[in-house]
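This report concerns only the one structure given below.
Here the structure is a predicted model, which means the values were calculated and not measured. Residue numbers start at 1 and run along the sequence shown. Side chains are part of it too, since the values below use all heavy atoms of this structure and drop only hydrogens, waters and symmetry mates.
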Amino acid sequence: MDDLAKPGLPRVTSWQQSPRGLREQKLIPPVATFATGWQTALHRPPPVRLTSVDWEGSVPATVSVPIDPARVRTMGIQFAAGCEALVSKPVATAVEKKPPVAGSSKSSRRRWRPRADSATRLRPPQDIVKLEDRLYYLLQPPLESLLASQSLHFPFVPFPFQYQGIAFLYPRHAAILADEMGLGKTMQAITAVRMLLRAGQLRRVLLVCPKPLVTNWQREFQLWAPEIPLATISGPADRRHWQWQQRGAPVVIANYELLIRDAESVAGEGNHFDLVVLDEAQRIKNHGSQTSQVACLISRTRSWALTGTPVENSLDDLAGIFEFLAPGMLPQGLNARQMAPLVGDYILRRTKQQVMKDLPPKLERDAEITLSPEQHAAYEIAENEGVVRLNDMGQQLTIQHVFELVLRLKQICNFDPATGISSKADRLEADLEEVAASGQKAIVFSQWVATLDQLQGRLDRFGPLAYHGRIPSRHRDAVLDQFKNDPDAHVLLMSYGAGSVGLNLQFCHYVFLFDRWWNPAVEDQAINRAHRIGVNGPVTVTRMMTVDTIEQRIDQVLEEKRQLLRQIFEHAVQMPNLKLSQEEIFGLFKLQLPGQQSSSAESVRRSA
């Protein structure tokens, strides 16, 4: 290109992507020039030389990848019952195979057959996110169909509300079955465990219950799930340590007392349970208690709680139970409106009035009794002297001193300490005469064993039997069997502590509360030992109360607090405390708290 350029002339090279030939273009600048002087050079046209250059771009490397069409994910679910479970079959023959013994609770159980439109579906919890997990529960056949099939055998057909309880427990990892006493929480829990074991979702289950109820759970498992092997923790410490390590039985039963003693064994490394069930779960309502702490340390996948009284004293009781179910989910100090939406998916509670329209009625009456002259004199002296002594204590007065006076007065209401005369016992004897004459049986509750001992001597002609804390656990079942089968045993004397939970006494139609407990929830538990599923007649409950005494004052205070459970499930805002507060206990005798006494005195001094 340089050898063709004329000297002295500017050059312009034009690039084209695909030049086909070489050509020149003259560029005449659009300026005014003069043909004189050095500007004459501007009149010479500049040559333009075009050079052809091959323009080749590199071809990018490519890789051919075949893409298959997206596959639709499918999932297969095999149910334990098989396809035949979808077809309802008559269940009368299954029920009639094993007729119950006459006079037992079995003979009075209502027979129920599934209707064609009856279908109780499993209720998946709201916290299940995966579609396949929700489909697993939603595609299960109705529980009625499982019963009608030959895969599961029941001695009796459950009630519809019991199917709902089973459907509630089955899919949940954290749940409280809080049905009122007598609606079959034990049966519902056993059936749910049975189904989960058959489905392969459980391999090892721990059931913890009060010590007196261990044999009751063994009987119920034998009745509702006889094919499930059981292991009961008992015996000396070295034997129990060995039992905790065994994996032979899928269901292990232990009581709360042994749970505390064997804390290192039950919560040890490698000792994992697929499900832990706490019966009478109000035992762990106090999160700071040793029982609650040990229960929370157990390694587990699922946590269930069974209790007829999830709230005994205050809403903090429910928060304590939730520390076992879902730690940290339910803080203490919440009111009912704040707590209700948090616990709604975890709790199922039904009352007899809601689900058992045909259950015989519970007839309640308050027997207002006047103290005998001897009791009245002793009561007046004890109350007057006691109040004077409490007032004289001033700032040293504590709630314990007031409690001592309350207990002393309540004991006088039962029996005169000097003569043993009792207006209550006279009234009780008269009522029991009628009970025994009609061939019926009665339970008498008291909070003191000494009171039961005194009653046992006076009621000897009614064949009284005792059931309280001084009766060894190994003998208690024999006492109940004798009371049930002996026609001459018309009276069972029970303490609230030993007989208020877990017992089934449907054959008994009369309940007497000889003295009142501090908490109405405990009284309700005692009453429901007799008024429960299987009772074949009305249950008469008599609350014995002496007029113009401390018993009547306590009853007036507690009557205002019976709405606690009802209010929590109705989203009430203000929640009363069911137990007596410090101010209420002092107010029984019109006493002021020690701090209030000093404040009142200071106010009087300033006004003067």
Side-chain angles (χ1 to χ4, degrees), residues 169 177 185-194 196-197 201-286 289-307 321 323-325 469 471-478 480 497-499 501-504:
L169 287 175
L177 185 58
K185 294 187 294 293
T186 301
M187 170 267 169
Q188 297 174 61
I190 290 176
T191 304
V193 169
R194 187 185 187 190
L196 288 169
L197 286 172
Q201 297 192 39
L202 297 181
R203 294 184 179 274
R204 196 160 183 247
V205 180
L206 173 62
L207 170 67
V208 185
C209 64
K211 187 176 181 180
L213 302 186
V214 171
T215 55
N216 183 69
W217 273 97
Q218 292 172 338
R219 287 193 300 265
E220 293 295 319
F221 263 101
Q222 184 62 30
L223 178 64
W224 292 100
E227 78 279 6
I228 298 179
L230 302 178
T232 303
I233 305 297
S234 61
D238 54 348
R239 178 184 175 184
R240 299 197 308 268
H241 178 75
W242 175 82
Q243 290 174 334
W244 285 115
Q245 309 306 318
Q246 301 308 304
R247 300 293 188 272
V251 176
V252 179
I253 302 177
N255 62 66
Y256 284 102
E257 291 76 13
L258 293 184
L259 188 72
I260 297 175
R261 296 179 190 175
D262 302 340
E264 294 184 1
S265 298
V266 68
E269 184 178 357
N271 200 14
H272 180 81
F273 294 92
D274 299 315
L275 169 64
V276 175
V277 183
L278 299 186
D279 186 25
E280 303 298 339
Q282 64 271 15
R283 288 285 192 100
I284 63 168
K285 64 184 179 182
N286 183 5
S289 66
Q290 190 176 6
T291 303
S292 175
Q293 293 176 358
V294 174
C296 293
L297 290 177
I298 302 175
S299 176
R300 61 199 183 276
T301 304
R302 297 178 183 233
S303 305
W304 293 353
L306 311 178
T307 174
I321 297 176
E323 282 299 316
F324 166 76
L325 299 176
I471 305 298
S473 299
R474 61 181 181 275
H475 296 158
R476 294 184 183 182
D477 288 342
L480 297 180
V501 295
L503 300 179
N504 301 324

Run Leu207 and Val193 through side chain to side chain contact (heavy atoms under 4.5 Å, CB included) and show every step you take. CA-CA 11 Å; Leu207 170 67; Val193 169; over 6 Å; no
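Note: Leu275 CG to Leu197 CG = 8.5 Å, rounded to the nearest 0.5 Å. Distance check, rounded to the nearest 0.5 Å: CD of Glu323 to CD of Gln293 gives 11.0 Å. Between the CD atom of Glu220 and the CG atom of Leu213 there is a distance of 10.5 Å, given to the nearest 0.5 Å. For the atom pair Leu306 CG and Gln282 CD, the distance stands at 10.0 Å (nearest 0.5 Å).
Closest approach of Leu169 and Gln188 over heavy atoms only: CD1-O, 4.1 Å. Between Ala281 and Thr307, the closest heavy-atom pair is N-CB, 3.8 Å. Ser303 approaches Phe324 most closely through the heavy-atom pair CB-CE2, 3.6 Å. Across all non-hydrogen atoms, the minimal contact from Cys209 to Asp279 is CB-CB, 3.8 Å. The minimum heavy-atom distance between Arg300 and Ala295, with the atom names listed, is NH1-O, 3.5 Å. In plain terms, the two heavy atoms of Gly270 and Arg247 that are nearest each other are O-NH2, 3.1 Å.
The side-chain hydrogen bond (donor to acceptor under 3.5 Å, both in side chains) pairs that include a residue from residues 251-265 are Arg240-Asp262, His241-Ser265, Trp244-Asp262, where partners are two or more places apart or lie in different chains.
Contacts of Arg203 classified as salt bridge (Lys or Arg N to Asp or Glu O under 4.0 Å), with partners at least two apart in sequence or in another chain: none. Residues that satisfy the salt bridge (Lys or Arg N to Asp or Glu O under 4.0 Å) test with Arg302, not counting sequence neighbours, are absent from this structure. Residues satisfying the side chain to side chain contact (heavy atoms under 4.5 Å, CB included) test with Ala249, not counting sequence neighbours, are Pro229, Ala231. Residues passing the side chain to side chain contact (heavy atoms under 4.5 Å, CB included) test with Pro226, sequence neighbours excluded: Gln222. Considering only residues two or more places apart in sequence or on other chains, Ile260 meets the side chain to side chain contact (heavy atoms under 4.5 Å, CB included) condition with Gln290, Thr291.
Within the 4.5 Å cutoff, side-chain heavy atoms of Val266 are placed close to those of Leu206. Contact annotation: the side chain of Gln243 never approaches that of Thr232 to less than 4.5 Å [non-hydrogen atoms, C-beta and beyond]. Side-chain contact between Ile253 and Gln218: present, with at least one pair of heavy atoms (C-beta onward) separated by less than 4.5 Å. Side-chain contact between Asp274 and Leu196 is absent, with no heavy atoms from C-beta onward closer than 4.5 Å. The shortest distance between side-chain heavy atoms of Arg219 and Asp477 falls below 4.5 Å. In this structure, the side chains of Trp217 and Ile190 come closer than 4.5 Å at one or more pairs of heavy atoms. Two residues are said to be in side-chain contact when any heavy atoms from C-beta on lie closer than 4.5 Å; Asn271 and Arg204 meet this criterion. Side-chain contact between Leu202 and Pro250 is absent, with no heavy-atom pair separated by less than 4.5 Å.
A donor-acceptor distance shorter than 3.5 angstrom exists from the side chain of Arg194 to the backbone of Trp224, with no hydrogens or angles considered.
For CZ of Arg474, the number of neighbouring non-hydrogen atoms (other residues, nucleotides, ligands) closer than 6.0 Å is 12 at most.
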